[in-house]
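What follows is a single structure, written as structure tokens, with notes after it.
Just so you know, ligand 1 is whichever comes first in the structure, and atom 1 is the first atom listed for that ligand. Keep in mind that the numbers below use all heavy atoms, side chains included, and drop hydrogens, waters and symmetry copies.
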Amino acid sequence: MATQHRPILQVNNLCKDYVTRGFSHNAANIFHALKNVSFEVDHRQTYALVGESGSGKSTTAKIISALEKPTSGTVVFDGDNYTDDSPRQLRRDIRGNIQMVFQDPFSSLNPRKSIAGALLEAMEIQNVGNTKRERLDAAESMLERVGLGSWALNRYPYQFSGGQLQRINIARALVVEPKLLILDESVSALDVSVQAQVLNLLQDLKEEFALSYLFITHDLSVVRFIADRVGVLRKGTLVEEGTVGEVFANPRTDYTRNLLDSIPLPDPSRHQLAG
Ligand SMILES: Nc1ncnc2c1ncn2[C@@H]1O[C@H](COP(=O)(O)OP(=O)(O)O)[C@@H](O)[C@H]1O
Ligand SMILES: [Mg+2]
């Protein structure tokens, strides 16, 4: 059926346990970082995952991007259950389709690699482009698209500001032509005005490249600006989820109400910068 709702990502009953050791020897505890977490990200939509520090957001992101295996549960991309795939299969099927942008713009890039080197390496690993010339052209046009330009190609990370580096990290994620972008607190370290510019850029890129986003943040004012649906994680449990309108208008838990109460008073200029 053409009208059938078709998620790009399905997260089913995800559990993740970590074995932790106390101070006394032999004392091992099991810490349940994720407890039966399920949600779906629809094609060309933004799903925001919110929650306090330590609630399990990054653990969820790492499992979806196949950097970690879940203790149980499955992750399904475009109908393909890749939970138990080998590294070789993952490289071919998932790593190109799901890309991640992290919080710290500096530590995500190798300080000894030029920007061209970083983007070309990402494309080579995913077999994007037939020749070095083609890859350089793609790198240059993506850098232009994120608001930089060919001048950035032969520079090194230390020569850029945090906001510029996050644009470069976004460009590096997009040159491999992914369908889903996971943004794990990707704007949290930026100044508010720079944050607004990068959020606007992300909105434009999503339309232009028909992307879907999993947007992880602890900042609910950002959720209101960018997301279609939102899930609230608390201590490893998804305590509520729905459209942003539903959840913000009728929070079902005190936890979400408290998160909402901590949003600063609406400042219309905040995420509405032109261009
Ligand atoms: N490798 C690990 N070993 C043990 N505990 C971990 C590990 N990774 C994360 N945790 C714990 O799991 C919980 C969730 O972590 P995380 O997913 O990073 O939270 P968030 O991103 O929401 O701040 C935290 O209590 C954290 O200390
Ligand atoms: Mg985190």
Side-chain angles (χ1 to χ4, degrees), residues 9-41 46-75 83 87 90 98-109 162 165-166 169-170 173 180-190 195 198-199 202 213-224 226-227 229-241 244 247 251 253-263:
L9 182 80
Q10 293 164 285
V11 171
N12 304 311
N13 306 108
L14 224 52
C15 295
K16 179 69 181 179
D17 294 343
Y18 289 114
V19 178
T20 58
R21 285 180 189 286
F23 288 106
S24 60
H25 58 104
N26 288 340
N29 291 305
I30 304 231
F31 175 74
H32 304 291
L34 293 179
K35 304 168 200 164
N36 223 34
V37 170
S38 303
F39 63 90
E40 294 182 344
V41 182
T46 297
Y47 189 99
L49 195 57
V50 306
E52 291 174 338
S53 176
S55 56
K57 305 182 298 294
S58 293
T59 302
T60 307
K62 281 183 229 160
I63 292 171
I64 294 168
S65 50
L67 299 173
E68 288 200 21
K69 293 275 184 201
T71 304
S72 62
T74 58
V75 273
T83 320
L90 285 169
I98 303 180
Q99 285 282 307
M100 189 147 148
V101 178
F102 297 90
Q103 174 167 5
D104 181 353
F106 293 93
S107 65
S108 307
L109 289 160
L165 284 176
Q166 218 48 324
N169 281 309
I170 291 167
L180 175 71
L181 200 57
I182 302 180
L183 298 135
D184 188 356
E185 305 272 13
S186 307
V187 300
S188 304
L190 306 177
Q195 211 180 82
V198 174
L199 287 173
L202 285 169
Y213 288 165
L214 177 62
F215 194 96
I216 295 176
T217 180
H218 60 273
D219 182 348
L220 290 185
S221 63
V222 171
V223 173
R224 179 147 48 202
I226 202 160
R229 292 182 73 81
V230 56
V232 181
L233 260 184
R234 184 191 189 201
K235 295 182 182 168
T237 300
L238 202 68
V239 291
E240 62 186 308
E241 78 131 32
V244 172
V247 171
T253 62
D254 288 342
Y255 179 73
T256 309
R257 259 189 292 278
N258 288 336
L259 283 175
L260 283 167
D261 286 346
S262 63
I263 301 184

**OP:** Let me see the working for Glu68 and Lys16 under salt bridge (Lys or Arg N to Asp or Glu O under 4.0 Å), right down to the final yes or no.
**Re:** CA-CA 9 Å; Glu68 288 200 21; Lys16 179 69 181 179; 3.5 Å; yes
Original post:
Which ligand 1 atoms, with their elements, are less than 4.0 angstrom from a heavy-atom of Ala33?
Top reply: 12 (O)
Original post:
What are the two closest non-hydrogen atoms of Val244 and Ala227, and how far apart are they?
Top reply: CG2-O, 3.4 Å
Subject >> Nearest protein heavy atom with distance in Å, relative to atom 9 (C) of ligand 1 >> reply: Tyr18 CE1, 3.5 Å
Subject >> Which of the ligand 1 atoms, numbered from 1, are nearer than 4.0 Å to a heavy atom of Phe31 >> reply: 11 (C), 12 (O), 13 (C), 25 (O)
**OP:** Taking only heavy atoms of Glu52 into account, list the atoms of ligand 1 that are under 4.0 Å away from them.
**Re:** 22 (O)
Original post:
Which heavy atom in Glu185 sits nearest to a heavy atom in Ser188, and how many Å separate them?
Top reply: OE1-OG, 2.5 Å
Subject >> Any protein heavy atom nearer than 4.0 Å to atom 27 (O) of ligand 1 >> reply: no
Original post:
Just distances here: any N/O of Lys62 and N/O of ligand 1 closer than 3.5 Å?
Top reply: no
**OP:** Would you confirm whether any non-hydrogen atom of the protein falls under 4.0 Å from atom 4 (C) of ligand 1?
**Re:** yes
Subject >> Winner among Gly54, Ser58, Ser53, Ala61 once heavy atoms are compared against atom 14 (C) of ligand 1 >> reply: Gly54
Original post:
Would Glu52 and Arg234 pass as an ion pair if we require N to O under 4.0 Å?
Top reply: no
**OP:** Starting from atom 15 (O) of ligand 1, locate the nearest protein heavy atom and write down its residue, its atom name and how far away it is, to 0.1 Å.
**Re:** Thr59 OG1, 3.7 Å
Original post:
How many angstroms lie between atom OG of Ser38 and atom CG of Asn12, to the nearest 0.5 angstrom?
Top reply: 5.5 Å
Original post:
How far does OG1 of Thr59 sit from CG of Asp184, to the nearest 0.5 angstrom?
Top reply: 9.5 Å
**OP:** Assert yes or no for the condition that the ring centre distance of Tyr47 to Phe39 is strictly below 6.0 Å.
**Re:** yes
Original post:
Would you say Ser58 reaches the Mg ion (ligand 2) with an N/O/S atom under 2.8 Å?
Top reply: yes
